[in-house]
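To start, the structure itself, in structure tokens.
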Amino acid sequence: MSDYDPDAVEAKWQARWREERTNEPDLEHAARPFYNLMMFPYPSAEGLHVGNMFAFTGADVYGRFKRMQGWNVFEPMGFDAFGIHSENFALKIGVHPAELIPRNIATFTRQLTRMGGMFAWDHVLSTTDPSYYRWTQWIFLQLFKRGLAYRKKGAVNWCPFDKTVLANEQVIAGACERCGTPVEQRVLEQWYFRITDYAGRLLDNLDDAAKMDWSSSTVTAQKNWIGRSEGAELTFDVMPAVAGRRITVYTTRIDTLFGATFIVLAPEHPLVDAITTPKQRAAVDDYRAAIAAKDLVSRKVGEKEKTGVFTGAHAVIHGTGRELPVWIADYVLMEYGTGAIMGVPGHDERDFEFAREFDLPIVRVIAGVGDADDAPLDQASISDSATDRVVNSGPFSGRSPADAREAIIAMLEGAGAATPSQPPVRRKTQYRLHDWCISRQRYWGPPIPIIYCERCGPVAVPEEQLPVLLPPLEDFRPDDSGISPLARNDAWYRVPCPSCGAPARRETDVSDTFLDSSWYYLRYPSTGMNDRAFDPDITRRWLPVTSYIGGNEHAVLHLLYSRFITMVLHDAGFLDFDEPFRRFRAHGLIIKDGAKMSKSRGNVVIPDDYLARWGADTLRTYLMFLGPYQEGGDFRDASISGPRRFLDRVWDLVSQATDPDCRDAEIRHEVLVKWHQTKQKVAGEIEALHYNTAIAALMELVNALREQNCSEHTVVTELVQMTAPFAPHFAEECWERLGHSGSIFDSMWPAFDPALTLTDDVTIVVQVNGKVRGNVVVSRDADEATVRSQAEGDASVERHLAGKTVRKVVYVAGRLINFVVA
RNA sequence: GCCCAAGUGGCGGAACGGUAUACGCGGCGGACUCAAAAUCCGCUUCCCGCAAGGGAUUGAGGGUUCGAGUCCCUCCUUGGGCACCA
């Protein structure tokens with residue numbers, strides 16, 4: 001009987017898996033493909049920490065389990081190695097990223113292998129490899145061809161520390177997501193992807209159960225991010241009249257139209273110049289100058305005190321007489337809706353504050369159940385329920401807000417007949433989502449494959465000339481100019497126009513890292529393919545991804561962009577599905593000392609010491625045991641001894657099962673039932689990603705076997721099989737010691753017999769008035785009368801029933817009997 | 001402010017509306033040992049009690065139910081996300 005030696009066992013099986021290519025499915029002929037994807041890492045210089053390992057192990061457990069259920073599991077791994085993370089770190093330590101990244105990838109590869117992941121290394125990829133980013137550039141061109149990539153000059157988020165443009169998604173509370181520096185506003189020409197064209201579809205597919213089975217928290221996050229609102233655009237004439245100029249506002253509450261007492265335009269609104277009266281000109285110009293000088297931080301998250309200025313103009317709905325003063329104020333955003341609103345101070349908090357600030361009238365037009373029609377408002381009432389009624393609104397008074405919305409739209413559509421070219425009202429669905437800015441004025445990314453020609457404008461680099469290689473550049477440091485470092489390399493960017501041959505220049509911006517990661521799952525199965533991004537046959541067989549597991553921090557960024565890119569490629573005829581991830585589950589986070597494990601908090605735990613001391617299998621089992629996988633849990637090193645003891649005990653059971661002298665072939669009935677119950681429970685729990693309770697069930701089985709002194713060969717074999725997803729090397733070794741050949745991962749997951757999961761006797765809880773007063777053991781098929789008479793015989797129950805009248809008896813077969821007494 | 005999670009022993013955490021505290025850690029006691037570690041056995045929610053037994057208990061307060069950690073309402077706390085989106 002040898003002791004369990006994790007180092008020897010893990011080294012042996014890792015070598016064997018490599019030699020026998022155990023983890024490489026036959027992608028071309030697989031009969032039951034199962035694409036088990038996990039979010040690929042950014043290969044940081046620090047290496048893998050236990051938070052990453054927790055995430056990967058959980059996904060790996062699931063893949064190994066599915067494989068033992070007979071699926072051909074493809075579990076690839078790769079590296080998201082372009083981007084600001086890598087570049088900034090390279091700058092910090094003074095090593096070129098082209099040198100640093102391969103080093104980091106080597107470290108990650110070693111750690112991921114050491115962890116015992118079932119990775120198909122034949123298909124490893126890095127987004128920095130020209131054979132990969134060639135196709136990232138190709139995807140850009142597909143969007144460009146279809147008018148979905150466009151250039152726009154506009155205010156963008158500029159991080160003065162990282163010296164680059166940030167996507168809206170990378171700005172958190174007005175500061176750079178990465179470095180926390182307050183973000184400034186800059187006007188630059190940028191490439192955008194028209195993701196807003198897909199907003200409705202990105203939203204609607206979320207509810208399509210045939211396409212998507214996702215964690216509900218992730219679905220909610222995406223819905224909120226896309227932010228659909230149903231409303232109407234309403235057009236006003238301007239007084240004094242300016243030829244052909246009208247103001248269009250967007251509102252979701254047109255039922256409050258009669259409560260509108262002013263109009264507000266965003267300060268940047270194009271109409272402001274035209275409508276401002278001479279008298280107000282100076283005040284308006286001053287205000288606009290002041291707003292333009294403000295950075296985005298103070299505008300977006302600064303104090304929400306209302307400021308603004310009157311333009312001197314008035315607005316009036318065509319055909320009605322009421323005139324509303326037109327103001328400009330920075331609380332109205334140019335990016336959303338029409339950049340103009342109708343101010344309804346009685347029923348909108350922001351308009352209320354504005355009206356208070358500038359002494360504008362506040363009118364109540366919605367009243368709740370107990371409210372008088374003209375009850376004064378000391379704050380905006382934003383109520384919108386069927387029990388509310390519209391008041392002070394002429395012919396619409398008395399209706400519910402929802403009714404009034406319909407009626408007012410109908411009335412205005414009628415009025416629109418007076419100006420058929422432009423009716424004053426139009427129903428409009430509005431999204432919060434913005435187009436995706438993909439330009440980055442940085443070095444470490446794929447160059448955007450566009451050439452600017454004086455005569456032809458922006459021209460696509462011909463596909464056969466891809467990739468546009470990122471040129472070697474000694475000084476890749478970004479500067480304050482807003483121009484990419486690539487512009488320093490004349491020889492690289494001066495090229496002839498592909499269309500007319502005239503001298504032209506390359507685009508010198510690179511694309512966003514999120515573009516790299518938006519399609520990597522399409523590339524994995526086709527990494528060997530050089531003339532296309534992905535092989536159509538292999539893709540048809542393996543995609544959409546069967547199971548995707550990753551962090552919820554990517555709920556709205558990576559996952560939304562990936563869905564968008566997939567839709568575009570579908571519409572372009574390259575894919576026959578438009579949702580990439582059939583099932584998505586978010587894993588939880590590892591907490592250490594009460595906080596999320598992260599570099600910035602300095603509580604990162606590196607797995608190397610634990611691997612050296614306990615081995616990968618024990619660390620894996622511990623990580624999966626410390627809490628529900630989808631919620632995460634606390635990492636405390638003291639607790640790791642529990643899972644190790646568990647493996648040691650299984651090891652001993654294997655020793656006993658193979659020792660002819662102490663082999664006990666008898667399986668007592670209690671053991672038999674526990675064994676089958678465990679098989680049923682463990683499979684169900686792993687499927688639900690409840691790994692902690694699956695392991696607990698295995699521990700219970702081990703305890704039962706030890707108590708009953710049972711080490712029967714079949715039972716121990718199946719125990720080992722169920723342990724395999726968590727402790728793969730350990731299980732392979734036990735499998736071999738038990739006399740089985742081949743990899744345990746080519747064996748079938750143990751089946752259970754439902755009849756044997758039931759005990760002959762059941763314990764019935766006896767309650768009196770809902771309080772537990774005792775229990776009785778009866779045979780499983782005992783009838784109510786038998787249970788009742790036995791229950792009444794229980795001494796404690798008898799005492800509580802004495803002198804009382806039984807009013808009612810609730811009997812739940814196999815569970816409990818409750819006497820309701822008075 | 002809005003949206004989403006979650007509040008259970010000393011700790012990590014279990015519980016189809018049906019015996020709350022499974023499993024594990026830690027602790028206490030015992031066996032083995034010259035001793036220690038490892039291992040094995042037993043106890044371990046709290047309070048009263050020698051015991052038998054009784055009472056309390058899932059963030060707080062209400063409600064539904066024969067029965068609520070679980071469902072409903074109000075509130076508090078923590079974590080995460082969004083934040084002037086009309």
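Everything quoted here is computed from the prediction, not taken from an experiment. A, B, ... follow the sequence lines: proteins, then strands. Residue 1 opens every chain.
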Please walk me through it: do A:W327 and A:F358 pass ring-ring contact (aromatic ring centres under 6.0 Å, His included)? CA-CA 10 Å; A:W327 288 63; A:F358 297 104; 4.8 Å; yes
Evaluate side-chain hydrogen bond (donor to acceptor under 3.5 Å, both in side chains) for A:T248 paired with A:T338, printing each intermediate quantity in order. CA-CA 7 Å; A:T248 300; A:T338 59; over 6 Å; no
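Residues satisfying the salt bridge (charged side-chain N to carboxylate O under 4.0 Å, His left out) criterion with A:K223, sequence neighbours excluded, are A:D207. Every side chain to side chain donor-acceptor pair (under 3.5 Å) that A:S229 has, sequence neighbours left out, goes to A:Y250, A:Y336. Checked against ring pair (Phe, Tyr, Trp, His ring centres under 6.0 Å), A:Y4 has the following partners two or more places apart in sequence or in another chain: A:W651, A:F730. By the ring pair (Phe, Tyr, Trp, His ring centres under 6.0 Å) test, A:F54 pairs with A:Y629, sequence neighbours left out. A:F262 is linked by a ring pair (Phe, Tyr, Trp, His ring centres under 6.0 Å) to A:F354, counting only residues two or more places apart in sequence or in another chain. In terms of the side chain to side chain donor-acceptor pair (under 3.5 Å) criterion, A:N775 has no residue partners (sequence neighbours excluded).
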Below 3.5 Å, can you tabulate the donor-acceptor pairs from side chains in residues 687-695 of chain A to any protein atom, sequence neighbours excluded?
from, atom 1, to, atom 2, distance (Å)
A:E687, OE1, A:K66, NZ, 2.7
A:E687, OE2, A:Y62, OH, 2.7
A:H690, ND1, A:E685, OE1, 3.1
A:Y691, OH, A:G58, O, 2.7
A:T693, OG1, A:E685, OE2, 3.2
A:T693, OG1, A:H690, O, 3.0

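In this structure, B:G26 forms a base pair with B:U44, meeting either the Watson-Crick or the G-U wobble geometry with both donor-acceptor distances under 3.5 Å. Taking a pair to require two hydrogen-bonding distances under 3.5 Å in either a Watson-Crick or a G-U wobble arrangement, B:C2 pairs with B:G81. A 3.5 Å limit on both hydrogen-bonding distances identifies no Watson-Crick or G-U partner for B:C34. Across all strands shown, B:G67 forms no Watson-Crick or G-U wobble pair with both key distances under 3.5 Å. Using the Watson-Crick or G-U wobble rule with both distances under 3.5 Å, B:A15 pairs with nothing in any strand shown.
For B:A31 and B:C23, the P atoms lie 26 Å apart once the distance is rounded to whole Å. B:C75 and B:A51 have their P atoms separated by 46 Å, with the value rounded to a whole Å. Look at the P atom in both B:U70 and B:G62: the space between them is 14 Å, to the nearest Å. Taking atom P on both nucleotides, B:U44 is separated from B:G53 by 15 Å, rounded to a whole Å. Between B:A6 and B:C72, the two P atoms lie 12 Å apart (nearest whole Å). If you take atom C1' in B:A14 and the same atom in B:C50, they sit 34 Å apart, rounded to whole Å. With both ends at atom C1', the span from B:G67 to B:A60 equals 22 Å, rounded to whole Å. B:A22 and B:G12: their P atoms are spaced 15 Å apart (whole Å).
Counted by atom type alone, A:N818 and A:Y811 present zero donor-acceptor pairs between their side chains at under 3.5 Å. For the residue pair A:Y287/A:T307, the side-chain donor-acceptor check at 3.5 Å is satisfied.
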Report each atom pair, protein N/O against N/O of nucleotides 63-67 of chain B, whose distance is under 3.5 angstrom.
from, atom 1, to, atom 2, distance (Å)
B:C66, O2', A:N818, ND2, 3.2
B:C66, O2, A:N818, ND2, 2.6

Polar-atom pairs under 3.5 Å, protein N or O versus N or O of nucleotides 21-23 of chain B: list them with distances, or write none.
from, atom 1, to, atom 2, distance (Å)
B:A22, O2', A:E700, OE2, 3.2

Hey, what are the protein-to-nucleotides 5-9 of chain B N/O distances that come in under 3.5 Å?
none

Taking N or O atoms only and anything under 3.5 Å, show me the protein contacts with nucleotides 27-33 of chain B, one pair per line.
none

Could you pull out the protein-nucleic contacts involving nucleotides 37-39 of chain B (nitrogen or oxygen on both sides, under 3.5 Å)?
from, atom 1, to, atom 2, distance (Å)
B:U39, OP1, A:R645, NE, 3.4

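Counting non-hydrogen atoms under 4.0 angstrom, A:L626 reaches the backbone sugars and phosphates but no base. The residue A:H347 sits apart from the nucleic acid: no heavy atom pair falls under 4.0 Å. Among the heavy atoms of the strands lying under 4.0 Å from A:R773 are primed sugar atoms or P, OP1, OP2 only; no base atom is included.
Counting only heavy atoms from C-beta on, A:R636 has its side chain closest to B:G12 among B:G53, B:G12, B:U19. In the set B:G13, B:G53, B:A86, B:G13 carries the atom at the smallest distance from any side-chain atom of A:P628. Each of B:G24, B:G54, B:U19 was ranked by its minimum atom distance to the side chain of A:P643; first place goes to B:G24. The side chain of A:Y250 has B:A86 as its nearest neighbour among B:C82, B:G54, B:A86. Nearest to the side chain of A:S641, among B:U19, B:G26, B:A86, sits B:G26. Set against B:C84, B:C82, B:C3, the side chain of A:W225 has B:C82 as its closest nucleotide.
Along RNA chain B, the nucleotide closest to A:H690 and the one closest to A:S639 are compared, and the more 5′ of them pairs with A:H690.
The side chain of A:R799 places an N or O atom within less than 4.0 Å of a non-bridging phosphate oxygen (OP1 or OP2) of B:G54. Distances shown here put a side-chain N or O of A:K771 below 4.0 Å from the OP1 or OP2 atom of B:A56.
The distance between the ring centers of A:Y622 and A:F635 falls below 6.0 angstrom.
Rounded to an integer number of Å, the gap from A:N552 CG to B:C82 P is 11 Å. Separating the CE atom of A:M334 from the C1' atom of B:A86 is a distance of 14 Å, rounded to the nearest angstrom. Atom P of nucleotide B:G53 and atom NE2 of A:H800 are separated by 12 Å, given to the nearest angstrom. A:D348 places its CG atom 17 Å from the P atom of B:G1, with the value rounded to the nearest Å. The CG atom of A:D351 sits 16 Å away from the C1' atom of B:G1 (whole-angstrom rounding). Distance A:D634 CG to B:G10 C1': 14 Å, rounded to the nearest Å.
Taking a 6.0 Å sphere around CZ of A:R807, one finds it holds 12 or fewer heavy atoms contributed by other residues, nucleotides or ligands. In the displayed structure, A:E792 atom CD is contacted under 6.0 Å by more than 12 heavy atoms of other residues, nucleotides or ligands.
Salt-bridge annotation for A:R585 and A:D213: present, with a side-chain N of the basic residue lying under 4.0 Å from a carboxylate O of the acidic one. Using a 4.0 Å cut-off between charged nitrogen and carboxylate oxygen, A:K306 and A:E357 do not count as a salt-bridge pair.
Looking at heavy atoms from C-beta onward, A:R620 lies in side-chain contact with A:V61 at the 4.5 angstrom threshold. Contact of the A:E230 side chain with the A:R427 side chain is not registered, since no non-hydrogen atoms from C-beta on lie closer than 4.5 Å.
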